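Have a look at the structure below, then the notes.
The residues of the chain are indexed from 1 along the displayed sequence. Being a predicted model, the structure only gives us computed values, none of them experimental.
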Amino acid sequence: MVKLEELVQYAKTNGFIYQGSEIYGGLANTWDYGPLGSLLKNNIKSAWIAKFQKETKENVLLDSSILLNTDVWKASGHLGNFSDPLTECRSCNQRFRADNLIEQFDKTNADGWSNEKMYQYILSNKIPCPSCGAHDFLPIRSFNMMFQTYQGVVMDSANQIYLRPETAQGIFINFKNILRTSRKKIPFGVCQVGKSFRNEITPGNFVFRTREFEQMELEFFCKPGTEKKWFNYWREKMVSFLTSLGIKNENLSLYDHPKEALSHYSNATTDIHFKFPWGFDELWGIASRTDFDLKAHQTQSKESMEYLDPETNERYIPYVVEPSVGVERLVLSFLLNGLEMEKLDSGEDRQVLHIHPRLAPYKVAVLPLVKKEHANYANDLYLELAKTFDCIYDETQNIGKRYRRQDSIGTYLCITVDHQTLIDDTVTVRNRDSMEQIRAHVGDLKRIIEETMIF
């Protein structure tokens, strides 16, 4: 696996990810997704929607607003409890998450510990400051991570609202609307892809932890007592999704949260960890949230969240199973999983991004062998294929260099128009991974490309 700093340079050089506001010196922990990065993100979201919504008859889509009534966050507990344990080094004034300091020091998982317990652990073990090495931290205090903003023309507390820290609550408050309009019956799920914002204390590791990010969340509503069955079902679906798109098994591990470390609303939580350059870390999480959220909104809003079973006439508040993943972490994982420097039999080095064709920014590159002779035909072919697939057209430099350029950005197939094409409408189709070439008729190209997209 490549080093993180190598991936950062690769991502910038090839147009995947740029530093945000770079011409003005940048803005800490903000990132812009370039031409290839934008396509990759869209392909990941499209693949997730395909597997978790389109191919699952129980699930529907939602796109809820980023700005929600402040009472939503009171009900969910975010206003009072959505906080990180913050401590500060007295010597250098750098701030850190206390639980991260402990985990980095001796791998101890401090999830669920009180601030006082973490502080005493840091003192008794003389954990050093990562910046200056001192052993002098201020007492830990809770730091709310929600971004505040104002709605209206007057900036006073009456108009204070928040950017959503997760997409899930937009699903919960629309539970009855979706139930009524979609005519779904329990069990059913609601999928959502959207921006979330968290004022993280210690963002970092490139795009692994950022203050602005996209989530893909499923809230699956089920009858109480069946949640463990659905928890296991969706956990297996998550792993299958990753491996079917090429994530290597050796880069994945599962971490089941022990009972004492579970969130107060959860009766089961599992994290899928990916092997990042700094070690295994959380990629995707699934939690059985019981009926906490719907009950909380029922209490705050005074609106009933009960479900009436049309077959048994039983009334109950559904339990919820929630798989939740960040798009940016998937982008990082797929790049790290696939980027390699290969040594060819010729002794030449080849940089190649082994990424599933479904996710590849470009599925196909259309290349005229000789620009003067083959460009017109190649351009017409490109325009036809581009109606269906993400394609790129390249006519600069010799054909070998163009192949290498497409290998390095993950383009799965290169289609070369040459002299024979003008005679019988056949082209050379080159495979990125094997570098093998076959001859195919242009009428078969759509079928050939579509077959590579299955996952």
Side-chain angles (χ1 to χ4, degrees), residues 18-33 38 41-42 45 60-86 95 97 141-182 190-203 207 209-219 263 265 289 292-305 320 322 324 326-328:
Y18 310 132
Q19 172 66 57
S21 306
E22 186 175 22
I23 65 171
Y24 291 103
L27 179 63
N29 201 239
T30 61
W31 305 96
D32 296 331
Y33 287 78
S38 298
K41 287 186 77 174
N42 285 341
K45 289 183 283 188
V60 296
L61 276 177
L62 178 72
D63 183 6
S64 65
S65 60
I66 289 173
L67 302 177
L68 300 177
N69 189 302
T70 301
D71 284 342
V72 172
W73 309 117
K74 291 178 182 177
S76 66
H78 283 83
L79 276 182
N81 303 311
F82 191 64
S83 57
D84 274 347
L86 173 67
R95 295 174 177 176
R97 275 182 53 168
R141 53 197 173 94
S142 296
F143 172 78
N144 193 287
M145 296 188 293
M146 287 203 295
F147 277 101
Q148 299 179 10
T149 187
Y150 294 87
Q151 187 177 62
V153 296
V154 180
M155 291 182 61
D156 57 36
S157 59
N159 296 309
Q160 181 175 290
I161 56 176
Y162 299 89
L163 303 182
R164 66 183 180 193
E166 64 180 23
T167 62
Q169 298 306 319
I171 297 175
F172 295 132
I173 63 176
N174 278 293
F175 168 68
K176 298 302 286 283
N177 285 332
I178 296 168
L179 189 64
R180 182 182 66 255
T181 56
S182 67
V190 182
C191 296
Q192 182 167 205
V193 180
K195 290 274 192 178
S196 294
F197 305 84
R198 297 181 184 177
N199 195 13
E200 297 275 3
I201 297 171
T202 54
V207 297
R209 179 176 286 110
T210 57
R211 295 187 172 101
E212 174 188 347
F213 56 97
E214 279 190 283
Q215 284 182 293
M216 300 189 297
E217 290 194 308
L218 163 63
E219 305 301 329
S263 300
Y265 54 74
R289 299 178 67 110
F292 169 79
D293 299 278
L294 291 181
K295 272 188 173 179
H297 288 299
Q298 177 175 270
T299 300
Q300 183 74 26
S301 69
K302 312 304 180 189
E303 292 283 339
S304 173
M305 293 292 179
V320 176
E322 177 196 73
S324 176
V327 177
E328 290 79 5

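Here the closest non-hydrogen pair linking A296 and A75 is CB-O, 3.2 Å. Nearest heavy-atom pair across D32 and G20 is OD2-CA, 3.6 Å. Considering every non-hydrogen atom in both N69 and D71, the closest pair reads OD1-N, 2.8 Å. Heavy atoms only, all atoms of each residue included: E219 and A168 are closest at OE2-CB, 3.3 Å. Contact between T210 and N29 at its shortest, heavy atoms only, is CA-OD1, 3.0 Å.
Considering OG of S324 and CD of Q192, their distance stands at 10.5 Å, rounded to 0.5 Å. Atom CG of L163 and atom CD1 of I161 lie 7.5 Å apart (nearest 0.5 Å). Taken to the nearest 0.5 Å, the CG atom of L62 stands 5.5 Å off from the CG atom of N174. Atom CH2 of W31 and atom CD of Q19 lie 4.5 Å apart (nearest 0.5 Å). Note that OG of S65 and CD1 of I173 are 6.5 Å apart. Values are rounded to the nearest 0.5 Å. The structure places NE2 of H78 at 5.5 Å from CD of Q169, a figure rounded to the nearest 0.5 Å.
Contact of the M146 side chain with the F197 side chain is not registered, since no non-hydrogen atoms from C-beta on lie closer than 4.5 Å. Between T70 and Q160 the shortest side-chain heavy-atom distance does not fall below 4.5 Å.
Look at R209 and E328 and you find no salt bridge, because none of the NZ, NE, NH1 or NH2 atoms lies under 4.0 Å from a carboxylate O. Using a 4.0 Å cut-off between charged side-chain N and carboxylate O, E303 and K176 make no salt bridge.
A distance-only check finds no donor-acceptor pair linking the side chain of R289 to the backbone of Y265 [under 3.5 Å]. Formation of a donor-acceptor pair under 3.5 Å by the S38 side chain with backbone atoms of Y33 is found in this model. With R164 contributing its side chain and G170 its backbone, the two residues share no donor-acceptor pair below 3.5 Å. Judged purely by atom type and a 3.5 angstrom limit, R211 uses its side chain to pair as donor or acceptor with the backbone of E200.
Annotation: K195, atom NZ; neighbour count of heavy atoms from other residues, nucleotides and ligands within 6.0 Å is above 12. The 12-atom threshold is not exceeded at CG of D63, counting heavy atoms of other residues, nucleotides or ligands nearer than 6.0 Å.
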Subject >> Working for side chain to side chain contact (heavy atoms under 4.5 Å, CB included), residues L79 and Y162 >> reply: CA-CA 10 Å; L79 276 182; Y162 299 89; 3.3 Å; yes
**OP:** Step by step, work out the side chain to side chain contact (heavy atoms under 4.5 Å, CB included) result for E212 and T30.
**Re:** CA-CA 7 Å; E212 174 188 347; T30 61; 5.7 Å; no
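Ring geometry for F172 against H297 counts as tilted: the plane angle lies between 30° and 60°, on a 0 to 90° scale.
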